[in-house]
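Values below: every heavy atom of this structure, side chains too, minus hydrogens, waters and symmetry copies. Within every chain, numbering begins at 1; the chains are lettered A, B, ... in the order of the sequence lines, protein sequences first and strands thereafter.
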Amino acid sequence: MKSKTAWYLLLVVLLFTASFASANHRESFYTEKCKDRCLDLPHSEERTRQRCEERCEKEEGNKQKKNPLVFGLESFLDRVRSEHGRVSSLKNFYKLSPLLLGIANYHLAILEVHPLTFVMPTHLDADSVFYVVDGVGAISILHEGGRESHTLRQGDILRVWAGSIIYLINKSKNQKLVIANLLRPVGNPSNVQVFHSAGRDAAESYYRSFSIEIMEAALNTPRYRLLPFLEKHKREVIVKAPEEKIKAMARHSSKSESGTWPFTRTKKPFNLLDKKPTHQNNRGQLFEADGNDYEQLKDVNARISFANITSGSMEAPFFNTRATEISIVVKGSGYVEIICPHVSQKDPGEKGEGYGQEDDEEEMQQKPKYRRVSSVLSVGTVFVSPPGHPTAIVASPEQSVHVLCFEVGAENNEKIFVAGKNNILNEMEEEAKEIAFDVPSRVADEILGAQAAEVFVAGPKKEQEARESEVAATAGRTFDSFLHFAAAF
Amino acid sequence: MKSKTAWYLLLVVLLFTASFASANHRESFYTEKCKDRCLDLPHSEERTRQRCEERCEKEEGNKQKKNPLVFGLESFLDRVRSEHGRVSSLKNFYKLSPLLLGIANYHLAILEVHPLTFVMPTHLDADSVFYVVDGVGAISILHEGGRESHTLRQGDILRVWAGSIIYLINKSKNQKLVIANLLRPVGNPSNVQVFHSAGRDAAESYYRSFSIEIMEAALNTPRYRLLPFLEKHKREVIVKAPEEKIKAMARHSSKSESGTWPFTRTKKPFNLLDKKPTHQNNRGQLFEADGNDYEQLKDVNARISFANITSGSMEAPFFNTRATEISIVVKGSGYVEIICPHVSQKDPGEKGEGYGQEDDEEEMQQKPKYRRVSSVLSVGTVFVSPPGHPTAIVASPEQSVHVLCFEVGAENNEKIFVAGKNNILNEMEEEAKEIAFDVPSRVADEILGAQAAEVFVAGPKKEQEARESEVAATAGRTFDSFLHFAAAF
Amino acid sequence: MKSKTAWYLLLVVLLFTASFASANHRESFYTEKCKDRCLDLPHSEERTRQRCEERCEKEEGNKQKKNPLVFGLESFLDRVRSEHGRVSSLKNFYKLSPLLLGIANYHLAILEVHPLTFVMPTHLDADSVFYVVDGVGAISILHEGGRESHTLRQGDILRVWAGSIIYLINKSKNQKLVIANLLRPVGNPSNVQVFHSAGRDAAESYYRSFSIEIMEAALNTPRYRLLPFLEKHKREVIVKAPEEKIKAMARHSSKSESGTWPFTRTKKPFNLLDKKPTHQNNRGQLFEADGNDYEQLKDVNARISFANITSGSMEAPFFNTRATEISIVVKGSGYVEIICPHVSQKDPGEKGEGYGQEDDEEEMQQKPKYRRVSSVLSVGTVFVSPPGHPTAIVASPEQSVHVLCFEVGAENNEKIFVAGKNNILNEMEEEAKEIAFDVPSRVADEILGAQAAEVFVAGPKKEQEARESEVAATAGRTFDSFLHFAAAF
């Protein structure tokens, strides 16, 4: 595969950072692997090996700086963490990149709950959309005068309103429950606030935060009774629970789904993976849900899609007309390329190579340049395609990649493909093609029409074949092997 | 009128404040009272008394700095001030606290018009919602081809559209007309601009601001006639008017209300206090109006409520699911507690006590801590409850407190009580209660169910009684005693 | 076409400007003319002449600094420029003036295409509204499964959706095609990103920006065929095209308009100048189109109007209640006055004269002052009237002025005139007039009623006549004379 070389390089580069400074395990792992590979070089080439290692370190450094649209695990912060699970949230989009100002009031979080575990009653000052990535659980939502409970399983989408008090259980004895959340605050757009009804210390509950006088009066209970009650609150937000209690709660959730709670019908989760795929061929599957499938998505102006790209395949280059697509890799590995006309000046490391110097903003406006943002994907990588930005997603040659996408600003959005059988450029008339591409329209038609598949197409050729069709391997080759390691990780 | 006294008080305090450049009278008053109380301590305990006084000063200092959600009179600016009345507006919310970024495009102003006084024709670049706090007046709104006039009385809500030219009269011979305004600019969100059609100097009119050539041509009047006319404009925006003219204008307003103007029916004010209270018991009354009561509130996405909390009572801890509640005390005194998970790092004085150190933002995100914002309320105090933030409002033991609330972002908002008979936590199932509170569900039910009242409940016990029911006073008690003094103020 | 000359002029001025780095030609031209006039003064009055010249220079300096709402050609940036045309965009409004924060997510651009020229397929991450200022062209918009083409002529309004791939031709053999665009990004509000499907170098296409491996796979074409194809792409975004190809494309556009494309009916351009004027008299004409005329304007919350003000006339002082009016002079000359209550503190040069010192913001809030923003208008000048801000537009005595206006935030907007027969202040009742203007209501009625015309009225008198009707020229007169020169320009 030609791009494999390129991949190696990228890969190699990734590996270092963790062992230094604040230490992120995955990065040190990568860098280490990268350096291991340098050891394979003939001993005689000591100087080359040294350079190879330097490159590993340097690439690693670049990785952290250079992608204004791709974010690894180091861009997540733990909001809650205990031995029984955790909540991590991606840093504010607008702080990650000025290109993402348009989604500054959206936030992304991942909730991970260990088997037979309970998440304390909590409310947020944000609307949220849950997507169950993996596992089996149940959620309860409190209402004045009632409670609704729903079973949660892989592929479920559930919208939870701001201010709703919820609690969750992982019903499984051995499998984690993993939920991805898209959040939109209803108050201060730059932060999601979390309020726990119970629990203390690492996460104080508001019951314990009011003055004792207020709580005495509010609960009409003298402090000698109240204080022990408040002290008893669990120390953590995510706690292990006895199996029989989990079972009892799971029963409630399946009961209420069968109809005991009047709101259940309209508010219960929608399963994305039960829906017929929008596109499907031997190269991949695309599942999409919008406000027509699950009405509650309308209100948050979001759409959810899930792409399963088969190993060795890719999603053909496309762009969204209006939506910003926030993608998170939930399984497998691969890489992504996003074409980006404007790169923030704040981070000089973000400059493309080979496109010449980018000067000050005004200069840039006069001479727009594109830059290819290109990054390895592995589980947990987040990448963002702003509206209009052409994007291609490639699965690794060895394993398929599963990508969950939250499309923000979904109203009237269209997904436009600029390659494949449905390539929109095919719609140009003959004369326009000739002027635009400066070739006879026959040639343009041949090239724009050569791809018979649509949406999911064969990926860049595998290394073996690639070698046959080209003479020299480029520096980029290193990257692919890296993926193999990453996949095993 | 009872609230008149309160407004005199407000005035007195304001004037006092004005006479001390950097000092704030109200706070020094409190400190003084607090110290007086220290004198009650036995003379033998000199060291204790000293500490008591230090605490008073420290409380005072904290008071000034520590409340990112409570704003006293010092946070208001006079926009117009004459001997006949004034307009004060609260500083921009987002400048007052980063927590209030979500309501950065709303503004709050108070208009105060003396008896038999006229407010010059004016338009704003903001939509506004008027609430008549006190007094009797009339407002005229100009339209192309007509004019609508409405009588204004206590409890009236009126929406005035951006760009509408209005003028007002206070019809009373001896009572002030006091109006609270919620403003939302239609242009630049960070400022409300005021345009006077007449008046000069302190408030130039735009007629006088165009070049004389333009005005000559526009009004088709030579400058020798025009200049004296423009010079004649009153010097002030709020002017005394002859009683017979006020009376004539008042007659027009009541006439037009009886049907002469076609728009009157839909646009006339809605009286909040004429409506049946949403909640009412011997502890208090809650009046609420939303877009269903007065359609014009829909468009500004606001709701208005008015709480009358009886002396010695409180509004049980609650939060709004979506709305930010901007409250202003219009009568009486008391105190408020708001639980706030995130406190701006910019003001180190805002740190809670006893919750340990708050580090940088990322650290905070990892270990969310709650902080109790707690503040004395007196006439003119503004406090803001962002969505999700649990809040309790307590009337002083000696007098009831009247609180006017503008609820911004009212669409789909619900007010959730976390104590009282309608405590939402009662809806948790047995098993969840046991896990969350770590007590047998019977105990949790007893405590969560002990309060038989809802919405308005008995306030914290008076000091005397409190002493009987407990052995040792905690450090927190000091604050309580302090409140009793404040209440007497 | 008359406006063609005007646009040549614009071009000439632009090119000239470009050749002097820091100098601005237009201003120096004015200053020169201004100084020429000083030479007319009697030789004996050497001192006066000197002062006259100093005044010219000072005016010039003021001109550059003092108008927070008026922007000349120096505020535009070229985004694309070739020998066959160019795209210029006005700098971000909020960067031009803090007063314009309310329209920070709107942008203004001018597209200029030379005869028989083709603009490459392009999409933007912004919705846009096109207004054809001059010339004859055609636009093609690509859809999945089809293409719509429309002829474009003077007065045409067309809304183009974000993400739509479009290309344009200028059909004329000798006339430029000039289009004004109002843009609203759907992603990052502070920037409009441009994506070219073809073309390279100054404007790389995204086809060339993806890695070659990706493009090989996406187009299913080996690189030995692909690279030459990509290399062939034209170097520029705006390119000359053979006349026969232009003709063929023009035919397609008129055909599709006659019904071949199903969407044509609803999406085809709306011609503003074919509509009956909203106001018309011998002083001017006002054409207005909103969402009722062309439904696609609703969605972008904009309205378009076009005012033709006859030489020696003016549009009477008015304000918009909700909309911000972005105006661009497309022909002729004149001047504008806008009354502005708040002037940014950042630019001390923006202070009005004779209104005393403006202190810090809080001080200003306490004593609002108005300031007259007054500026000469010539082709290409942009001026902005925020909501509520009274504005008067005056044509020069020698030539009419044509002003194109994009009204942003048009929903529920009303245009209110504060002079003329429809002067809204006429609606005040007798008593209110007497109090407000402090004259007998008869006098107020006489003055407010003296102007018999509405909307378009006679402009300020010419200097000669003016002199007859007054005794002494005020200092303000100098500005007038200055205008006469400007008008001759």
Side-chain angles (χ1 to χ4, degrees), chain B residues 77-79 81 89 118 120-121 123-125 140 142-147 161-165 167 185-191 193-195 197-199 202-204 206-207 209-226 229 232-234 239 241 245 248-249 252, chain C residues 98-102 314 316-317 319-322 324 337 339 341-342 362 365-372 374 386-390 392 394 409 414 416 418-420 422 424-425 427-429 431-432 434-439 443 447-448 450-452 457-461 469-470 474 476 480:
Chain B
L77 299 171
D78 281 352
R79 308 262 308 198
R81 178 198 278 252
S89 67
F118 178 82
M120 289 280 179
H123 70 271
L124 307 177
D125 66 347
S140 294
L142 302 184
H143 294 276
E144 193 175 325
R147 176 184 75 247
W161 287 71
S164 291
I165 296 181
Y167 48 91
V186 294
N188 185 338
S190 67
N191 252 295
Q193 305 295 1
V194 183
F195 297 85
S197 311
E204 293 274 349
Y206 48 80
Y207 262 27
S209 300
F210 277 115
S211 64
I212 185 69
E213 291 86 1
I214 292 271
M215 287 313 295
E216 278 185 312
L219 296 179
N220 193 23
T221 300
R223 71 180 65 184
Y224 74 85
R225 287 207 64 193
L226 197 55
F229 173 70
K232 279 293 248 180
H233 287 189
K234 297 285 189 188
V239 294
K245 287 190 184 165
M249 288 163 76
H252 299 163
Chain C
L99 297 180
L100 300 180
L101 197 60
M314 75 174 183
F319 63 85
N320 286 290
T321 57
R322 306 183 77 79
T324 298
E337 291 193 359
I339 306 307
H342 177 132
E362 302 197 353
Q365 288 190 325
Q366 286 174 9
K367 296 182 185 170
K369 293 281 183 192
Y370 297 99
R371 191 191 148 236
R372 179 194 339 152
S374 145
H389 288 57
V394 184
E414 288 181 69
I416 303 291
V418 294
N422 58 348
I424 197 167
L425 295 178
E427 306 300 336
M428 291 170 73
E429 68 248 69
E431 294 84 3
E434 292 187 352
I435 303 173
F437 299 118
D438 204 19
V439 293
V443 175
I447 290 178
L448 297 179
Q451 178 56 270
V457 303
K461 282 183 213 150
S469 73
E470 62 176 310
T474 69
D480 241 358

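- Ranked by heavy-atom pairs under 4.5 Å with chain C, the list B:A241, B:A218, B:P185, B:A248 is led by B:A218.
- Heavy atoms of B:S140 lying under 4.5 Å from chain C belong exclusively to its side chain.
- For C:V457, the part lying under 4.5 angstrom from a heavy atom of chain B is the side chain only.
- With a 4.5 Å cut-off on non-hydrogen atoms, B:F210 touches chain C through its backbone and its side chain both.
- Checking side-chain atoms of C:E429 against main-chain N and O of B:H252 turns up no donor-acceptor pair under 3.5 Å.
- Residue B:I165 touches chain C through its side chain alone, counting heavy-atom pairs closer than 4.5 Å.
- Ranked by heavy-atom pairs under 4.5 Å with chain B, the list C:N422, C:L425, C:L100, C:V394 is led by C:L425.
- How far CD of C:E434 is from CZ of B:F118: 11.0 Å, rounded to the nearest 0.5 Å.
- The nearest pair of heavy atoms linking C:A450 to B:T221 is CB-OG1, 3.6 Å.
- Most heavy-atom pairs under 4.5 Å with chain C: of the set B:L219, B:D125, B:L226, this distinction falls to B:L219.
- Closest approach of C:L448 and B:Y207 over heavy atoms only: CD2-OH, 3.5 Å.
- For the atom pair OH of B:Y167 and CE of C:M428, the computed distance is 5.0 Å after rounding to the nearest 0.5 Å.
- Within the model, atoms CD1 of C:I424 and CZ of B:R147 stand 11.5 Å from one another, a figure rounded to the nearest 0.5 Å.
- Aromatic ring centres of B:F195 and C:H389 lie closer together than 6.0 Å.
- Residues satisfying the salt bridge (charged side-chain N to carboxylate O under 4.0 Å, His left out) test with C:E431, not counting sequence neighbours, are none.
- Among C:A316, C:P317, C:P390, the residue with the largest count of heavy-atom pairs under 4.5 Å with chain B is C:P390.
- Note: C:E414 CD to B:S164 OG = 7.0 Å, rounded to the nearest 0.5 Å.
- Checked against side-chain contact (heavy atoms from CB on, under 4.5 Å), C:N320 has the following partners two or more places apart in sequence or in another chain: C:R303, C:F318, C:A323, C:E325, C:E407, C:N413, C:K415.
- With C:Q451 contributing its side chain and B:A217 its backbone, the two residues share a donor-acceptor pair below 3.5 Å.
- Both the backbone and the side chain of C:A432 come within less than 4.5 Å of a heavy atom of chain B.
- Checking side-chain atoms of B:N188 against main-chain N and O of C:L101 turns up no donor-acceptor pair under 3.5 Å.
- Once rounded to the nearest 0.5 Å, the distance linking CD of B:Q193 with CD1 of C:I339 reads 13.0 Å.
- For the atom pair CD1 (C:I435) and CE (B:M249), the distance works out to 5.0 Å, reported to the nearest 0.5 Å.
- What you find for C:E337 and B:S211 is that their closest heavy atoms are OE2-OG, 2.6 Å.
- Aromatic ring pairs are classed by plane angle as parallel below 30°, tilted from 30° to 60° and perpendicular above 60°; the pair B:Y206 and C:F319 is perpendicular.
- Looking at C:P386, neither its backbone nor its side chain comes within 4.5 Å of chain B, counting heavy atoms on both sides.
- Here C:G102 is the residue among C:G102, C:G420, C:A452, C:G409 with the most heavy-atom pairs under 4.5 Å with chain B.
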